[in-house]
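Okay, structure first, notes after.
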Amino acid sequence: MKQYVGAIDQGTTSTRFMIFDRSGAEIGRHQLEHRQIFPASGWVEHDATEIWENTRKTIDAALTGAGLVPSDLAAIGLTNQRETVVLWDKASGTPVAPAIVWQDTRTSSMLDTLDGALIRSRTGLPLATYFSATKVRWLLDNMPGLRARATRGEVLFGTMDSWLIWNLTGGKHLTDVTNASRTMLMNLGTLDWDPDLLAHFDIPRAMLPAIRSSAETYGEALPGVPIAAAIGDQQAALFGQTCFDPGDTKCTYGTGGFLLMNTGSSPVWSSHGLITTVAYRFGDEKPVYALEGSIAAAGAAVQWLRDQLGILDSAAASETVAGQVEDSAGVYFVPAFSGLFAPYWRPDARGAIVGLSRFHTAAHLTRAALEAICYQTRDVVEAMAQDSGTALDRLRVDGGVTANDLCMQLQADILGVPVSRPAVAETTALGAAYAAGLAVGFWESVGDLRANWREDRRWQPTWTAERRSEGVTRWRAAVDRTLDWTM
Ligand SMILES: Nc1ncnc2c1ncn2[C@@H]1O[C@H](COP(=O)(O)OP(=O)(O)O)[C@@H](O)[C@H]1O
Ligand SMILES: O=P(O)(O)OC[C@H](O)CO
């Protein structure tokens, strides 16, 4: 009997393949970072071919490292960075342009020409550069002859899930409903491409994949091993955290930060700057929806200190460096590299570091970066409380940044509620594995999965209410200083 389920987790920073057993314990993994390409200020690109090659390599290396062969896997689940746009030539399977990453802001001037009310009412999404549609349109507008080829179905569009499914299955053009809900082209009510939005963006339907549920057989990834789930990474983390009931909430801190609350079988529209999105859908069952607060730069702020300023040797070093000082000594760092997402939705914002004097060191700046991750999360937690009418009493966290214990302590301090990290912090991959395992009967029910969730560590708030309130006031003042910055 097959004892394991695999998961491809194609993130913004890296791609990993993970193998889990029936108890949800990790049996093997391999991970590879890919290049972050910044051709101009505000542009962020990936090489989709590099990502596909890394995917293949991580599957092989994880299986070999764990001493397993493909036939040991009951199924593979796929989860991915969302919104990022890949366009490829149908005949050759080669990308026609670099992938435009969700953080890319090159389309900001297009926003003024679009109907925000129409888009919001059909998709649950605010007008922002974040989502796929403006990026697809930009490529069609800027690459001569591309729109005609796309109209003839010769050039295909997909988010990363589609691109990987195409390659894994030898040419199936599919996406799942959670990824489709981030394109700005899917109608949240019909769960199909919206003809009015396609016309509004001038995007030909012939280039779009077919929309499937999050848990069903997509094809074979390896001989005898089905891809039995595809689900956006933040929705997968919600699943991996076993947030199956309305009101269940988690926050994932990767390159960006993403707080999602399960809202059950009806979409809930936000009045406080959150996104309405599909959480998951099983086969023909009714979809489950979520409210989401998306933060554009969380771990990306640490990456920037490491890669662009060179003041950290590694992301992990941010903990020791920030730990050299008691506090940020009045420095606030707003990493609005891609503008500000939830709850502000200000594409005109750009990053700022305020409050500097000659006294300040790399340690203060690093601590301010960690605090920024936590203040941004507080902003979306507040919006979520206003929309749902319920204050959070504990925050379940996961993702790369949660390895940083100091940052998680700061998060509890800045939120004023406990922060809880599960034993398996790789909940994104775990969620994809869970969805695939449920689809093929490896797990019987979500009840089996709930029983697998265990807490690893909990942080209690230590700041006084006065200190917290002063910090939030200063943070909001710093946010104000980032606005109206683009030409
Ligand atoms: N110990 C750490 N402290 C702070 N940030 C970290 C730490 N380890 C990783 N990160 C950050 O987490 C991000 C990677 O997390 P991950 O969950 O793998 O992201 P993604 O899914 O976006 O690829 C990077 O931005 C990195 O800078
Ligand atoms: O790669 P992550 O984990 O930062 O997630 C990216 C999100 O899917 C973007 O919406």
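Order of appearance sets the numbers: ligands from 1, and atoms from 1 within every ligand. Because only heavy atoms are used, hydrogens play no part in the values below, and waters and symmetry mates are left out as well, while side chains stay in.
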Distance to 0.1 Å, residue and atom name: give those for the protein heavy atom nearest to atom 1 (O) of ligand 2.
-> Thr12 OG1, 2.5 Å
Arg212 vs Asp176, salt bridge (charged side-chain N to carboxylate O under 4.0 Å, His left out): CA-CA, chis, key distance, verdict | CA-CA 5 Å; Arg212 296 281 192 85; Asp176 102 291; over 6 Å; no
Polar side-chain atom of His46 near backbone of Val101 as donor-acceptor pair, under 3.5 Å = no
Can Arg182 be said to sit on top of Trp102's aromatic six-ring, NZ or CZ under 6.0 Å from centre and within 45° of the ring axis?
-> no
Arg367 side chain to Ala322 main-chain N or O, any donor-acceptor pair under 3.5 Å?
-> yes
Side chain, backbone, both or neither: Asp233 near ligand 2, heavy atoms under 4.0 Å = side chain
Name the closest protein heavy atom to atom 27 (O) of ligand 1, giving the residue it belongs to and the distance to 0.1 Å.
-> Gly299 O, 3.2 Å
Under 4.0 Å between heavy atoms, the region of Glu83 that gets near ligand 2 turns out to be side chain
Please check if the side chain of Ser420 supplies one atom and the backbone of Leu395 the other of a donor-acceptor pair under 3.5 Å.
-> no
Counting each atom of ligand 2 from 1 as listed, which ones have a heavy atom of Gly256 under 4.0 Å away?
-> 4 (O)
Main-chain N/O of Trp463 paired with Arg468 side-chain donor or acceptor, under 3.5 Å | yes
Heteroatom proximity flag, Gln31 to ligand 1, N/O under 3.5 Å | no
Below 4.0 angstrom from a heavy atom of Gln81, which ligand 2 atoms are there? Numbered from 1 as shown, please.
-> 8 (O)
Residue, atom and distance of the protein heavy atom nearest atom 3 (N) of ligand 1 read Asn404 ND2, 3.1 Å
Nitrogen or oxygen of Ala403 less than 3.5 angstrom from that of ligand 1 | no
What about Thr255: any of its N or O atoms under 3.5 Å from an N or O on ligand 2?
-> yes
Aromatic Phe258 / basic Arg82 pairing, under 6.0 angstrom, 45° off normal = yes
Measuring from the heavy atoms of Ser318, does anything fall under 4.0 Å of ligand 1?
-> yes
So, the side chain of Lys135 versus the backbone of Ala99: is there a donor-acceptor pair under 3.5 Å, distance only?
-> no
Would you call the rings of Tyr375 and Trp475 parallel, tilted or perpendicular if under 30° counts as parallel and over 60° as perpendicular?
-> parallel
Looking at Gly257, Gly11, Ala429, the heavy atom closest to atom 21 (O) of ligand 1 belongs to Gly11
Ionic contact status for Glu33 with Arg16, cut-off 4.0 Å | no
Arg474 atom CZ: more than 12 heavy-atom contacts under 6.0 Å = no
Shortest protein heavy-atom distance from atom 15 (O) of ligand 1, along with the residue and atom involved | Gly400 CA, 3.4 Å
In terms of atom number and element, which parts of ligand 1 are under 4.0 angstrom from non-hydrogen atoms of Ala300?
-> 25 (O)
Does Asn80 reach ligand 2 with a nitrogen or oxygen that is under 3.5 Å from one of the ligand's nitrogen or oxygen atoms?
-> no
Over 60° means perpendicular and under 30° means parallel, so classify the ring planes of Phe239 and Phe282, tilted if in between.
-> tilted
Look at atom 23 (O) of ligand 1 and say which protein heavy atom is nearest, naming residue and atom and giving the distance to 0.1 Å.
-> Thr13 N, 2.9 Å
Would you say Gly232 contacts ligand 2, with heavy atoms under 4.0 Å as the rule?
-> no
Salt-bridge test for Asp398 and Arg421: reply yes if a basic N is under 4.0 Å from a carboxylate O, no otherwise.
-> no
So the atoms of ligand 2 within less than 4.0 Å of a heavy atom of Tyr130 turn out to be 9 (C), 10 (O)
Identify, by atom number and element, the atoms of ligand 2 in contact range of Phe258, meaning under 4.0 Å from any of its heavy atoms.
-> 4 (O), 5 (O), 6 (C), 7 (C), 9 (C), 10 (O)
Should Leu370 be counted as touching ligand 1, given the test is an N or O pair under 3.5 Å?
-> no
Take every heavy atom of Gln303, measure it against each atom of ligand 1, and state whether any distance is under 4.0 Å.
-> yes
Counting from 1 in the order shown, the ligand 1 atoms closer than 4.0 Å to a non-hydrogen atom of Val401 are 5 (N), 6 (C), 11 (C), 12 (O)
Relative to the ring of His173, is the ring of Trp166 parallel (under 30°), tilted (30 to 60°) or perpendicular (over 60°)?
-> perpendicular
Any idea which protein heavy atom is nearest atom 22 (O) of ligand 1, and the distance to it?
-> Thr255 OG1, 2.4 Å
Tell me, which protein residue and heavy-atom name are nearest atom 1 (N) of ligand 1, and how many Å apart are they?
-> Ala316 CA, 3.4 Å
Looking at ligand 1, does Arg16 have a heavy atom less than 4.0 Å from it?
-> yes
Would you mind listing which atoms of ligand 1 come within a distance below 4.0 Å of any non-hydrogen atom of Ser14?
-> 23 (O)
More than 12 foreign heavy atoms under 6.0 Å from CG of Asp313: is that the case here?
-> no
Tyr253-ligand 1 polar pair, N/O distance under 3.5 Å = no
Should the ring pair His360 and His364 be called parallel, tilted or perpendicular, given that the plane angle runs from 0 to 90° and is split at 30 and 60?
-> perpendicular
Could you check atom 26 (C) of ligand 1 against the protein and tell me its nearest heavy-atom contact, residue, atom and distance included?
-> Ala315 CB, 3.9 Å
